[in-house]
Q: 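This is the structure I have questions about; it appears just below.
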2 protein chains.
Amino acid sequence: MRSIPHTESFPAHTPAASQVFTTVLSHGPLTRLEVARRAGLSAAAVTKAVRPLIGAGYLTEGADEDAPPALGRPANLVRVDGGRALFIGVKVTGDEIIGVLTDLCCRIRVARHVPLTDRDPRAVLASISDLAQELRTEADELGIQVVGLGLAVSGDVDRGEGVVRYSPFLEWRDVPLAELAAMTTGLPVTVDNDVRALTVAEQWFGAGAGLTDFAVVTVGAGIGCGLVVHGRVVAGAHGVAGEIGHVVVDPAGPRCHCGNRGCVEAIAGDAAIVARVREVTGVQVADTLEAVALAHRGDAGAREVYARAGDAIGRGIATVANLLGPERVIISGEGLAAYDLFAEQIRDSFAEAAFGSAARCDVRTRPLPFDEWARGAAATAIQSFIRAAD
Amino acid sequence: MRSIPHTESFPAHTPAASQVFTTVLSHGPLTRLEVARRAGLSAAAVTKAVRPLIGAGYLTEGADEDAPPALGRPANLVRVDGGRALFIGVKVTGDEIIGVLTDLCCRIRVARHVPLTDRDPRAVLASISDLAQELRTEADELGIQVVGLGLAVSGDVDRGEGVVRYSPFLEWRDVPLAELAAMTTGLPVTVDNDVRALTVAEQWFGAGAGLTDFAVVTVGAGIGCGLVVHGRVVAGAHGVAGEIGHVVVDPAGPRCHCGNRGCVEAIAGDAAIVARVREVTGVQVADTLEAVALAHRGDAGAREVYARAGDAIGRGIATVANLLGPERVIISGEGLAAYDLFAEQIRDSFAEAAFGSAARCDVRTRPLPFDEWARGAAATAIQSFIRAAD
DNA sequence: TTCTTTCATTGACGACGGAAAAGAAGGCAT
DNA sequence: ATGCCTTCTTTTCCGTCGTCAATGAAAGAA
């Protein structure tokens, strides 16, 4: 979180105002009274907090058209005007960067992706700037100002300082990305870990809205996990948290790139699945798509590999549930394309390995469009924008 | 947390006052300025918060006798007057109850334990009442009032409601223990899970003081874990949290009473160790004491069993570290008597299984006197006493 | 029309914490 | 000794925030 340039500031100067706004943001149109109830404030406080926000155009007011006629004065719903401001979210991977233009409600307006050929910070920065500029042009056409840029990078990221401490995929160490991007784009920049960014998006705009304790598990090339405890995203004292991918579920399992054996990722990560399918079936599948196709054609060996992956993921989730007791676990990720192949096994293994009431945790899935990661980045930018007032 | 009877109330009506008091409580005597710095308040606010607390006798003021003479006006240290109020903490196990009388600084003044023959809630309640009465007599002799009672029970406990939802060892279900104990003792009663209570004690008075993210791991008959994330003890949405004992570290391991294989507890719990030592060595050791003795005499088989237990615990801790990235892990428990037997293996396995920077987590041990569990219960009572003002 | 119900607003009020300045209590230098 | 300096502490003033309780507004119901 760093905001050198001044674009536009959010008029929520009090804790109550912030709380009111985020309540409306996460829980759709609400009456002022309902907002008060949810935010634990008095109705008067809400009225006062809402006024300047409506004045500045961030909130709008309107009756609920299709509401059943009820007794008493009709309610006036307060909602966020998504079109009041735009944000850019960019996810940087090892070989491409994905950018989205979202509104204040984190709805994607435009999505773009460009390949990345050079991982040098300066080259990546240039690509980010170009993409951001392109999206700003789109924003200009909509006639709405872009007021924040969020960047999501995998690895150890210090959001507070805006520094990428270490990113294995990009081979970066201590890159002050927020500062650099702020200089080239002139926007307030927020940098965060990709999984945490996705978790923020779920917390504010997704299946985690309103929950104080939940987990997001991403299945794909790597297996990641974002945790929300006591209503806040867990960052870890040393920058590491949510490393469900490197939880060991079988000490006798295959070796992982982290040096251990039987990590979840070493069994259920894309590379592991492809390698194992080749090994078991003898078919030289090139990637997950082919592996999935093989399994879908009914190949017993391939299906077995997916079942084992599901088992590993289910055990990993059970471990999270046993330790933290979240209300919900949201499974997402590119790997979800193969979800039918391991869904059952995930549930079975989870139910088996979850201890006592931990099994009551609501495990659900959520499709992950290719631009969802970038949307997560935008969500962090929105978060910073709203909190910048503090 | 429930306080039907009115004994005495704590005069901290503002958030700042609470924060100031807990800061002084956790960080020993401090100057007002230092308190302000640590609590994130202005010096003026501290002065104002401290006055009524001194007036009510909870805080005292005094110069630091053995301080090196420094420039400027000498500092006036503020400290908690431990003798201002007493608390009773009781840990209820399946076969005995342990009670302690502590002061406001959670220093143990008197400790007692009595065997428990009947696990029926009424019988247990009677024993608790008797023990509490006995300790109150001691308190009367000291001329200090007892202002709170804390009860620690293993299992699923709802602290907010003061209800023991389910305790396997006691075979209790939905026992409104706080209400019952409040009626018979006339004291405000706090009921909490035993491991969480111990964690509260560490957070306020032990190795967790000042940390916002740490874990307490208890090694003994069971393997438990208390977690503090974002400065608050994790309770779990469904009452379950910190079940490190049922994290599976080896799917091919021995069967656990929970139904799975290779849980940490099934490898490193007291019963598991005794059983395994018998199996490996052929010596029919009766309990952990004999098993430890055998290992200390150099029996290779027994030592191997302990090493394996250490490995399981180390892996379990690594899992916690990978998921939450705590600043510190505090290992404690009755099993610590055998610590020399598995310490090395815990460290090795932790270092091996911890991912990246998670290994930087400070893993330390802390001896656990027999009455420490009860002290944890007292700590929760102290916490409730201070917070009751809110 | 008037009452009832529910939602929303207003204005007075009190509490809380911060800023800044003054005060207090010592050492140190001249 | 006297005054200055440093550091800790207190005081006073003030702005902010959020609640309370009363009032207003907008419907349907009697």
Q: On DNA chain D, does the nearest nucleotide to A:Gly72 precede the nearest nucleotide to A:Gly40 from the 5' side, or the other way round? Give the residue.
A: A:Gly40
Q: Is there a donor-acceptor pair under 3.5 Å between the side chain of A:Gln203 and the backbone N or O of A:Gly231?
A: yes
Q: Main chain of B:Ala377, side chain of B:Thr380: is a donor-acceptor contact present, judged purely on distance under 3.5 Å?
A: yes
Q: Rounding to an integer number of Å, can you tell me how far A:Arg32 CZ sits from C:dA8 P?
A: 6 Å
Q: Using a cut-off of 4.0 Å on non-hydrogen atoms, how would the nucleic acid contact of B:Leu71 be classed: base, sugar-phosphate, or nothing?
A: sugar-phosphate
Q: What are the two closest heavy atoms between B:Pro326 and B:Ala215, and how far apart are they?
A: CB-N, 4.3 Å
Q: Can you check whether B:Thr47 has a side-chain N or O nearer than 4.0 Å to OP1 or OP2 of D:dT9?
A: no
Q: Just checking B:Thr31: base, sugar-phosphate only, or nothing, at a heavy-atom cut-off of under 4.0 Å?
A: sugar-phosphate
Q: Tell me what B:Ala44 touches on the nucleic acid: a base, only sugar-phosphate, or nothing, going by heavy atoms under 4.0 Å.
A: base
Q: Would you check if the side chain of A:Ser26 reaches a backbone N or O of A:Trp204 as a donor-acceptor pair within less than 3.5 Å?
A: yes
Q: Could you give the CG-to-C1' distance, from B:Asn76 to C:dA25, as a whole number of Å?
A: 10 Å
Q: Return the nearest nucleotide to the side chain of A:Pro74; candidates are C:dT9, D:dA26, D:dT9.
A: D:dA26
Q: In whole angstrom, give the distance that lies between atom CD of B:Glu61 and atom P of D:dT9.
A: 8 Å
Q: My understanding is that only residues two or more places apart in sequence, or in another chain, count here; which of them pass side-chain hydrogen bond (donor to acceptor under 3.5 Å, both in side chains) with B:Asp192?
A: B:Arg159, B:Arg196
Q: In Å, rounded to the nearest 0.5 Å, how long is the span from CG of A:Leu151 to CG of A:Leu180?
A: 10.5 Å
Q: Nearest-Å distance, CZ (B:Arg73) to P (C:dA25)?
A: 6 Å
Q: With DNA chain C as reference, determine whether A:Ala75 or A:Arg51 sits nearer its 5' end, using the nearest nucleotide of each.
A: A:Ala75
Q: Of the options A:Thr23, A:Val78, A:Val46, which is the one that meets A:Leu30 in a side chain to side chain contact (heavy atoms under 4.5 Å, CB included)?
A: A:Thr23
Q: Within the sub-3.5 Å range, which N or O atoms of nucleotides 13-17 of chain C have a protein N or O partner, and how far apart are they?
A:
residue : atom : partner : partner atom : Å
C:dG17  : OP1  : B:Ala16 : N            : 3.1
C:dG17  : OP2  : B:Thr14 : OG1          : 3.3

Q: Once you round it to whole Å, what is the distance between C1' of D:dA25 and CG of A:Leu33?
A: 14 Å
Q: D:dC8 P sits how many Å from B:Arg37 CZ, rounded?
A: 11 Å
